[in-house]
Amino acid sequence: MTGSGDDTVPLTVLDGDERTELAVAPGRNLRRVLLEAGLSPYAAATHRLNCRGRGLCATCGVRIREGPAPEHWHDSVADRFGYPRLSCQVAIDEAMTVELVDKLVWGSREPSPASE
């Protein structure tokens, strides 16, 4: 899936210290492209427990460092408050840089000093 050409859009994926460059056909869904490239936007627990790209569960969030403005209602709210955007609701129509985010699920939160 890597490469370049006039009929593709560059997608850069940041995963910690790893950087992956992909050439994607315009209009492809970001979530599907990430999964096909072996770059899952999910945490271990949500890899199997998710809505399969319908924009309902909010488990496929990524940070879009460069790319399109949000269009889906959830992404507009997420962008406004600094939360990850849903990769299942993003079409790759222009050059993009996305960052996979660490996902903490169920009981991974540190107690605050006030609750000790």
Side-chain angles (χ1 to χ4, degrees):
M1 185 162 200
T2 59
S4 65
D6 294 339
D7 58 345
T8 61
V9 176
L11 172 64
T12 302
V13 182
L14 308 174
D15 186 8
D17 293 333
E18 304 266 334
R19 179 184 184 100
T20 303
E21 303 283 341
L22 302 171
V24 180
R28 295 279 324 270
N29 177 271
L30 178 58
R31 174 187 166 272
R32 288 188 193 113
V33 168
L34 291 172
L35 290 171
E36 289 170 8
L39 300 165
S40 179
Y42 297 108
T46 60
H47 184 73
R48 293 186 190 272
L49 303 170
N50 62 71
C51 70
R52 303 289 184 242
R54 293 186 301 242
L56 301 172
C57 69
T59 61
C60 65
V62 297
R63 297 225 182 262
I64 298 181
R65 298 297 180 203
E66 294 177 30
E71 292 180 8
H72 185 268
W73 70 268
H74 182 279
D75 286 342
S76 295
V77 173
D79 187 58
R80 180 175 180 195
F81 294 102
Y83 292 109
R85 289 179 48 199
L86 299 180
S87 62
C88 68
Q89 299 301 312
V90 176
I92 304 170
D93 290 323
E94 62 186 71
M96 294 178 66
T97 299
V98 300
E99 179 182 1
L100 302 180
V101 296
D102 289 331
K103 306 284 176 49
L104 303 176
V105 180
W106 300 309
S108 299
R109 192 168 150 186
E110 293 290 324
S112 65
S115 66
E116 293 180 337

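Values reported hereafter were calculated over all heavy atoms of this structure, with side chains retained and with hydrogens, waters and symmetry mates removed. Please read these numbers as outputs of a predicted model, since none were measured by experiment.
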Undergrad: Could you list the cluster mates of Trp73? Members are the ILVMFWY residues connected by side-chain heavy atoms closer than 4.5 Å, either directly or through other members.
TA: none
Undergrad: Suppose the criterion is salt bridge (Lys or Arg N to Asp or Glu O under 4.0 Å): which pairs have a residue in residues 9-18, not counting sequence neighbours?
TA: none
Undergrad: Do any N or O atoms from the side chain of Ser87 and from the backbone of Cys60 form a donor-acceptor pair under 3.5 angstrom?
TA: yes
Undergrad: Of the non-hydrogen atoms in Ser40 and Leu100, which two are nearest, and what is the gap between them?
TA: O-CD1, 3.9 Å
Undergrad: What distance separates Leu39 CG from Leu34 CG, expressed to the nearest 0.5 Å?
TA: 6.0 Å
Undergrad: On a heavy-atom basis, which atom in Pro84 and which in Val101 lie closest, and how many Å separate them?
TA: CG-CG2, 4.1 Å
Undergrad: With sequence neighbours left out, what residues match Arg19 under side chain to side chain donor-acceptor pair (under 3.5 Å)?
TA: Glu21
Undergrad: Apart from Phe81 itself, which Ile, Leu, Val, Met, Phe, Trp or Tyr residues share its cluster (side-chain heavy atoms under 4.5 Å, direct or through members)?
TA: Val77, Tyr83
Undergrad: Please report the shortest heavy-atom distance between Val9 and Ala95, naming the atom on each side.
TA: CG1-N, 3.4 Å
Undergrad: Would you say the side-chain atoms of Asn29 pair up with the backbone N or O of Ala91, donor to acceptor, closer than 3.5 Å?
TA: no
Undergrad: Would you name the heavy atoms of Pro68 and Arg85 that are closest together and state the gap between them?
TA: O-NH1, 2.9 Å
Undergrad: Taking side chain to side chain contact (heavy atoms under 4.5 Å, CB included) as the test, write out the residues that go with Glu99, two or more places apart.
TA: Leu14, Arg63, Arg65
Undergrad: Would you call Val24 and Thr8 a side-chain contact if the rule is heavy atoms closer than 4.5 Å?
TA: no
Undergrad: In Å and rounded to the nearest 0.5 Å, what is the CZ to CG distance from Arg28 to Leu11?
TA: 10.5 Å
